[in-house]
Engineer: 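Just passing along the structure, written as structure tokens.
In what follows, every chain begins at residue 1, and chains take the letters A, B, ... in the order their sequences are listed. Heavy-atom basis, side chains included; hydrogens, waters and symmetry copies ignored.
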Amino acid sequence: MAETLNARFASARRNAILSEFGNLNADQLEAVAATQGPLLLLAGAGSGKTTVVINRIANILKYGRATDSSDVPADITDEDADALEYLALHPDPEWRKQRAPLMELEPAKPWQVLAITFTNKAANELKERLARMLGADVALDVWAATFHSMCVRILRRDVDAGGVWTRSFTIYDTADCQSLIKRIVKDLELDEKSFAPRQVMSAISRAKDEGTSPEDYADSASVAKDLRRRDIGRVYLEYSRRMRSANAMDFDDLIMQTVRMFTQFPHILQKWQHQFRYVMVDEYQDTSKLQFRLVSLLSGGHGNICVVGDEDQSIYRFRGATIENILGFDKQFKHTRVIRLEQNYRSTETILNAANAVVSENSDRLGKKLWTENGAGEPLSLHIALDERGEADYIALQMMKQQRAGLAFRDLAVLYRTNAQSLQLELAMKRSAIPYRVYGGTRFFDRAEVKDVVSYLAVTANPDDDVRLLRIINNPPRGLGAKAIETLVEIARAESLPIYEVLRNVLAYPELSRSAAKLASFTEIIEGFREKASTLRPDLLYDEILRGSGYIDMLDAKPSLENETRKENVLELKTSILDYVARNPDEPSLSAYLDEIALYTDMDKSDGSDDCVQLMTIHSAKGLEFPVVFVCGAEDGIFPGQRAIGEPEEMSEERRLCYVAFTRAKRKLYVTAAKQRMLYGKTMNNPPSRFLDSILGRQRE
DNA sequence: CGCACCACAATTTTT
DNA sequence: TTGTGGTGCG
């Protein structure tokens, strides 16, 4: 008797709760309800994935595990079950509120929910949507973050346990790391041509991803008698040393050191495992091995791990992402439930068929077929122009047509494989007077002048930051010659000290006597900033730095158009500091601001407000949608790229990239190519993309 | 120390 | 073709 009441109650409870999440299809509801244990959510493009993620979190926060458990309170009655059954059918808010306690089963606190996203932008959107649903106070306490920002938060609390880094460690961006590597390659007297910073860095990055230490790396090289690997191992070792000495971490370190800390100190791991009752990872198809390790560690306490992704949209292999994570999830986590979201709400049948046709040639898939109720819609337009200029003009012409037909410019997007293709498109937009915006390209924080002034801030926060210190020690010029700086660096190396330590005791080194006065005056400037940093608000400190360093004076000294732009950028940084201060009025700190800009390249003013057509690479279009999409450069050699042809793995990724490109379109898709194209000063005659054959159902021999 | 000139390379990119 | 980075000269 009690048995049936309990079952009736649990089932009614589930229905009552789910009735609150209207507008979801059966699969989506299933996903929202599945709160416990490992869950693999295969969400095709345009399948309402984000909505499901938001609602699932809301369910966890409001009702805990109630929709996924047969546990019921001991003292329930038939009336209670009746009430819930009534609620499932009659969405009366008053009633619902009254009966809420009946529906709850250990609701989670906001800070017990961890939602890892691919970008900061996505994390913010998640928080905003949660705030609208549940209130800002709840949303703010949910851990919605990228892998990197989550790790920073964790490390800032606990990293000092290891005794290597302090909690005020500095984050190096890619350019900082490359300049360090370049210096090391020089110092080790390796050939700078065959050890390009870029390549060395990606080798080191791969080693870190595989959990290989510098020592192991060098060992494996000597076993294999691989000379190049041995040398890279030497660079890797020295790189790690100097990063530690500078109290700095690169992006990979943020994750690797978190994993290391967790393995080394089980009590720290347990603390975090305990905190995160629910762990969610979005864009799981683009996670790396190291990230997988981190996810398994973090979710190892409660075992509630939900990953969301689409193996057909895995497009970041070049960056260490491994599609194996999503393909093997159900083997890594026992008793995984798999839910597929295959109904597409975004595109027409025509568009989906084209996308499916291309990606269905891949073998590394879990299998999934998108379908839609949207109907066939407009036919695809394929256009092969004479050259890239003709292609761009065709696109501009079609854009004008679409606009006359009633679409806004912002509804139109051009997607290309490589940034180099944007130039001709821009020119065509200009010729046709179409307002446009190019996404990507050089970012604000990558500009030299911005890096300079940020370096002043960074050195003020952490004077052991050698890379940034070297960037500014003679910038603006202070009469320090290359040899003086070289001597300084050598002393620091010989003594295994940060450069700044040598500077502080400059008089103790006779080799530096000739430049001692100049070095001391630099040290004095920095000391002055450091003193002020403890009392001054970051924006005021910044004013002080611009003046005290002589940077603004330097720009003013030689008025030119270029220097005007630089000054604008330097002042724009102040805007960003002020913005940070406004968002953190209680305790604005310099180091927290530096964290933010290290992890936030996305200061991009995303004005959806101005009416421009949008030009971007396919990669940066991931997650976006547009009524009309132009995919250009559909030629073998461009898309798929030359490097991918003949490489099955790479070809798979290019097909997925094509799938991503096509599924951005809601109503109409254009695919264009050029018979002849100038690239890097060379004219090439590329055949039309093999992807066109897939779309048209043709075989190529 | 700054500027001019030449060589050279060059998917995709967020953190 | 374009941009960047290194070298050499004034």
Engineer: Could you state the interatomic distance from CG (A:Asp465) to CG (A:Asn247), rounded to the nearest 0.5 Å?
Structural biologist: 9.0 Å
Engineer: Which of these, A:Arg471, A:Arg447, A:Arg468, A:Arg566, sits in a side chain to side chain donor-acceptor pair (under 3.5 Å) with A:Asp452?
Structural biologist: A:Arg471
Engineer: Is there side-chain contact between A:Asn362 and A:Tyr659, with at least one heavy-atom pair below 4.5 Å?
Structural biologist: no
Engineer: What's the shortest heavy-atom distance between A:Glu311 and A:Gln285, and which atoms?
Structural biologist: CA-CB, 4.2 Å
Engineer: So, is B:dT12 syn or anti if syn means the angle is within 90° of 0?
Structural biologist: anti
Engineer: Show each protein N/O and nucleotides 6-13 of chain B N/O combination with a separation under 3.5 Å, one pair to a line.
Structural biologist:
residue: B:dT11; atom: OP1; partner: A:Tyr680; partner atom: OH; Å: 2.9
residue: B:dT12; atom: OP1; partner: A:Asn419; partner atom: N; Å: 3.0
residue: B:dT12; atom: O4'; partner: A:Arg417; partner atom: NH1; Å: 3.1
residue: B:dT12; atom: O2; partner: A:Arg417; partner atom: NH2; Å: 3.0
residue: B:dT13; atom: OP1; partner: A:Thr617; partner atom: OG1; Å: 2.4
residue: B:dT13; atom: OP2; partner: A:Asn419; partner atom: ND2; Å: 3.1

Engineer: Compare all side-chain heavy atoms of A:Asn685 with those of A:Lys675 and state whether any distance is below 4.5 angstrom.
Structural biologist: no
Engineer: Search all heavy atoms of A:Val308 against all heavy atoms of A:Ala43 and return the closest pair with its distance.
Structural biologist: CG1-CB, 4.2 Å
Engineer: Could you give the distance from NZ (A:Lys622) to CE (A:Met616), rounded to the nearest 0.5 Å?
Structural biologist: 14.5 Å
Engineer: Just how far, in rounded Å, is P of B:dT15 from NE2 of A:His148?
Structural biologist: 8 Å
Engineer: Identify the two heavy atoms, one from A:Ser213 and one from A:Tyr236, that lie closest to each other, and give their separation to 0.1 Å.
Structural biologist: C-CE2, 3.7 Å
Engineer: Tell me, with the steps shown, if A:Glu650 and A:Arg643 meet salt bridge (charged side-chain N to carboxylate O under 4.0 Å, His left out).
Structural biologist: CA-CA 8 Å; A:Glu650 296 288 327; A:Arg643 281 179 169 76; over 6 Å; no
Engineer: Using 4.0 Å as the upper bound for N to carboxylate O, is an ion pair formed by A:Lys289 and A:Asp209?
Structural biologist: no
Engineer: What is the distance, rounded to the nearest whole Å, between atom NZ of A:Lys121 and atom C1' of B:dT15?
Structural biologist: 15 Å
Engineer: Need one value for A:Ile638: base, sugar-phosphate or nothing, where a base atom within 4.0 Å counts as base even if backbone is also close, heavy atoms only.
Structural biologist: nothing
Engineer: Between A:Arg690 (side chain) and A:Glu635 (backbone), is there a donor-acceptor pair under 3.5 Å?
Structural biologist: no
Engineer: Students often get this wrong, so: under 4.0 angstrom with heavy atoms, is A:Asp595 touching a base, only sugar-phosphate, or nothing?
Structural biologist: nothing
Engineer: Counting only side-chain heavy atoms from C-beta out, which of B:dC1, C:dT1, B:dT15 sits nearest to A:Asn474?
Structural biologist: B:dC1
Engineer: Pick the nucleotide of DNA chain B nearest each of A:Thr146 and A:Ala482; which residue has the one closer to the 5' end?
Structural biologist: A:Ala482
Engineer: Atom CG of A:Asp446 to atom C1' of B:dT15: distance rounded to whole Å?
Structural biologist: 12 Å
Engineer: Once each nucleotide of nucleotides 2-9 of chain C is scored for protein heavy atoms under 4.0 Å, what B/S/- sequence comes out, 5' to 3'?
Structural biologist: ---SS---
Engineer: Show me the protein contacts with nucleotides 2-4 of chain B, counting only N or O atoms at under 3.5 Å.
Structural biologist:
residue: B:dC3; atom: OP1; partner: A:Lys558; partner atom: NZ; Å: 3.3

